[in-house]
Amino acid sequence: MAGTPDASMEEILWRSPPHVQMMGGYLHSNNILFYFAESPFFDPTSNNASLAIQANYNEAFRHFVETREAFEGRLKTMQGLEFVVSYDPIQAAAQPDGRFAHDPSNIWVIRKQTRRKRAGQEDEVVVLSTYFIVGDCIYMAPSVASVVGNRILSAVTSLTSLLKTASALPSFTPSHGHTYLPPAPKHADASQPGTQSQQSKENTPLPEDAAGKAPLVGSQVVSAGSSLQDTRTLAESFSLLSRYGDEFMDEHPLVGEPGSFILSRVNDTDRTLTAKQAANVGTTAGKVGTPQVRVDTPGRASEKGATPSGTDESKMRKKKAKLGS
């Protein structure tokens with residue numbers, strides 16, 4: 001027969017056109033069990049085999065093998081393993097008046113089952129397996145465990161393939177964390193001035209996918225974000241130029257009192273704070289180089305007929321006289 005002892009019975013397809021020709025050229029209700037008995041699915045130790053052998057050597061049992069109804073009726077009186085037809089397409093399509101409601105199909109269902117006699121009760125029947133006969137091909141119906149196991153295996157295989165494909169896709173940004181697709185751009189509120197220039201790099205939106213293009217992944221997201229940042233920087237530069245014109249601001253502004261020309265440096269907070277404190281103290285304590293104003297009474301100034309000595313002009317004259325000497 002077809003198949004090897006180690007092969008799974010659920011993976012076997014068996015057919016034998018020569019046996020069909022020997023049985024009259026087609027399968028019907030009276031020869032379907034004998035055709036199945038030629039397949040590797042049949043058990044020679046079953047009651048079917050025992051009854052067929054008895055009919056060959058005992059004329060009293062010959063009528064049991066002439067029709068399927070008589071054959072299965074005899075099996076019901078026995079105890080043990082048996083094969084019976086559970087679905088007959090001809091009987092399913094037949095009507096009480098002998099006509100067919102529809103064309104009968106060519107599918108037969110055979111069950112392998114065990115029967116145990118119980119005194120005063122109905123027989124205990126346990127179905128072991130089910131077989132389909134389609135045309136002249138015989139299949140074994142898979143068990144529920146096999147169907148569920150195959151579905152779970154298919155799902156696990158698909159998930160494994162998905163994880164392998166997705167493992168190279170995620171990209172990391174401080175603002176969005178790990179993402180598989182570029183985040184949607186965040187539109188700034190145009191009513192708030194300076195919003196565009198105050199946005200940080202972490203909040204810089206990535207470019208949207210163009211229609212008909214594949215989504216950006218991996219290093220493509222980084223390159224696209226860098227290109228967009230360059231474009232934003234250029235736009236902000238033109239905006240500042242058109243807004244402030246010729247005005248400018250030192251990168252390191254001057255700190256301290258007037259005339260000291262002390263340049264601030266990045267992260268030089270201590271020196272800047274010291275310079276500011278010195279400027280505040282100089283205006284009140286009369287530090288050298290800080291102009292001070294001495295207020296004189298108007299009468300005294302008019303009596304002398306000269307400019308008060310505490311003014312800036314008098315001090316400048318004294319300094320010039322000293323330099324000239």
Side-chain angles (χ1 to χ4, degrees), residues 1-3 5 8-10 12-144:
M1 300 298 176
S8 176
M9 301 300 291
E10 298 178 359
I12 294 177
L13 164 64
W14 184 86
R15 62 190 298 266
S16 178
H19 284 84
V20 176
Q21 295 298 326
M22 292 172 58
M23 296 178 181
Y26 69 98
L27 300 176
H28 51 81
S29 179
N30 295 330
N31 64 5
I32 190 67
L33 287 176
F34 298 100
Y35 178 72
F36 181 82
E38 301 296 332
S39 68
F41 306 105
F42 185 75
D43 191 345
T45 62
S46 62
N47 293 338
N48 298 56
S50 300
L51 186 58
I53 293 174
Q54 292 176 7
N56 289 333
Y57 295 97
N58 191 347
E59 292 293 335
F61 292 89
R62 182 63 60 85
H63 66 282
F64 291 128
V65 297
E66 291 179 355
T67 61
R68 182 172 65 84
E69 289 77 8
F71 190 81
E72 290 183 349
R74 179 61 180 178
L75 291 175
K76 291 180 180 179
T77 62
M78 305 172 65
Q79 179 176 268
L81 182 64
E82 62 185 16
F83 293 88
V84 297
V85 176
S86 61
Y87 178 79
D88 187 342
I90 300 177
Q91 292 180 356
Q95 292 182 344
D97 57 358
R99 294 182 299 177
F100 291 100
H102 54 82
D103 294 336
S105 63
N106 200 18
I107 301 176
W108 301 76
V109 180
I110 297 178
R111 286 180 178 175
K112 177 182 179 181
Q113 60 189 19
T114 57
R115 184 182 300 273
R116 188 173 67 88
K117 296 294 183 178
R118 295 184 296 180
Q121 299 180 2
E122 295 182 355
D123 299 343
E124 181 183 2
V125 178
V126 179
V127 179
L128 301 179
S129 58
T130 305
Y131 305 90
F132 298 97
I133 302 179
V134 182
D136 60 348
C137 301
I138 302 179
Y139 307 86
M140 181 179 180
S143 62
V144 177

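Taking Phe34 as the reference, Phe71 meet the ring pair (Phe, Tyr, Trp, His ring centres under 6.0 Å) condition, with sequence neighbours excluded. Applying the salt bridge (Lys or Arg N to Asp or Glu O under 4.0 Å) test to Arg74 and every residue at least two apart in sequence or in another chain returns nothing. Among residues two or more places apart in sequence or in another chain, the ring pair (Phe, Tyr, Trp, His ring centres under 6.0 Å) test is passed with Phe36 by Phe83, Tyr131. Not counting sequence neighbours, the partners of Glu10 by the side chain to side chain donor-acceptor pair (under 3.5 Å) test are Ser146. Checked against ring pair (Phe, Tyr, Trp, His ring centres under 6.0 Å), His28 has the following partners two or more places apart in sequence or in another chain: Tyr26. A search for side-chain contact (heavy atoms from CB on, under 4.5 Å) contacts involving Gln79 returns Arg116, Lys117, not counting sequence neighbours. Checked against side-chain contact (heavy atoms from CB on, under 4.5 Å), Gln21 has no partners two or more places apart in sequence or in another chain. With sequence neighbours excluded, no residue forms a side chain to side chain donor-acceptor pair (under 3.5 Å) with Arg111. For Thr77, there are no side chain to side chain donor-acceptor pair (under 3.5 Å) partners, not counting sequence neighbours. When the side chain to side chain donor-acceptor pair (under 3.5 Å) test is applied to Glu82, the partners found at least two apart in sequence or on another chain are Gln113, Arg115. Listed by chain and residue number, Leu51, Phe61 satisfy the side-chain contact (heavy atoms from CB on, under 4.5 Å) test with Gln54 (two or more places apart in sequence, or in another chain). Applying the side-chain contact (heavy atoms from CB on, under 4.5 Å) rule to Val20 yields the partners Leu27, Tyr35, Asp136; only residues at least two apart in sequence or on another chain are considered.
Side-chain atoms of Asn58 come within 3.5 Å of backbone N or O of Ala60 as a donor-acceptor pair. Remark: side-chain polar atoms of Glu72 are paired, donor with acceptor, to backbone N or O of Val85 under 3.5 angstrom. In this structure, the side chain of Asn30 engages the main chain of Arg68 through a donor-acceptor pair within 3.5 Å.
Taken from CG in Asn106 to CD1 in Ile90, the straight-line distance is 9.0 Å, to the nearest 0.5 Å. Rounded to the nearest 0.5 Å, atoms OG (Ser39) and CE (Met9) are 7.5 Å apart. To the nearest 0.5 Å, atoms OG (Ser129) and NZ (Lys112) are separated by 5.0 Å. If you take CD1 on Ile133 and CD1 on Ile138, they are separated by 4.5 Å, rounding to the nearest 0.5 Å.
Shown here for Glu69 and Ser29, the closest heavy-atom pair between the two residues is OE2-OG, 4.4 Å. Between Ser105 and Pro89, the shortest heavy-atom distance links the atoms O-CB, 3.2 Å. Smallest separation of non-hydrogen atoms from Phe132 and Ala141: CE1-CB, 3.3 Å.
Leu81 has its side chain within reach of Leu128: a pair of non-hydrogen atoms, C-beta onward, lies under 4.5 Å apart. Two residues are said to be in side-chain contact when any heavy atoms from C-beta on lie closer than 4.5 Å; Met140 and Ile12 fail this criterion. Between Ser86 and Val109, some side-chain heavy-atom pair lies under the 4.5 Å cut-off. Ile110 has its side chain out of reach of Phe41: every pair of non-hydrogen atoms, C-beta onward, lies at least 4.5 Å apart.
Applying the 6.0 Å contact sphere to CD of Gln91 captures more than 12 heavy atoms from other residues, nucleotides or ligands.
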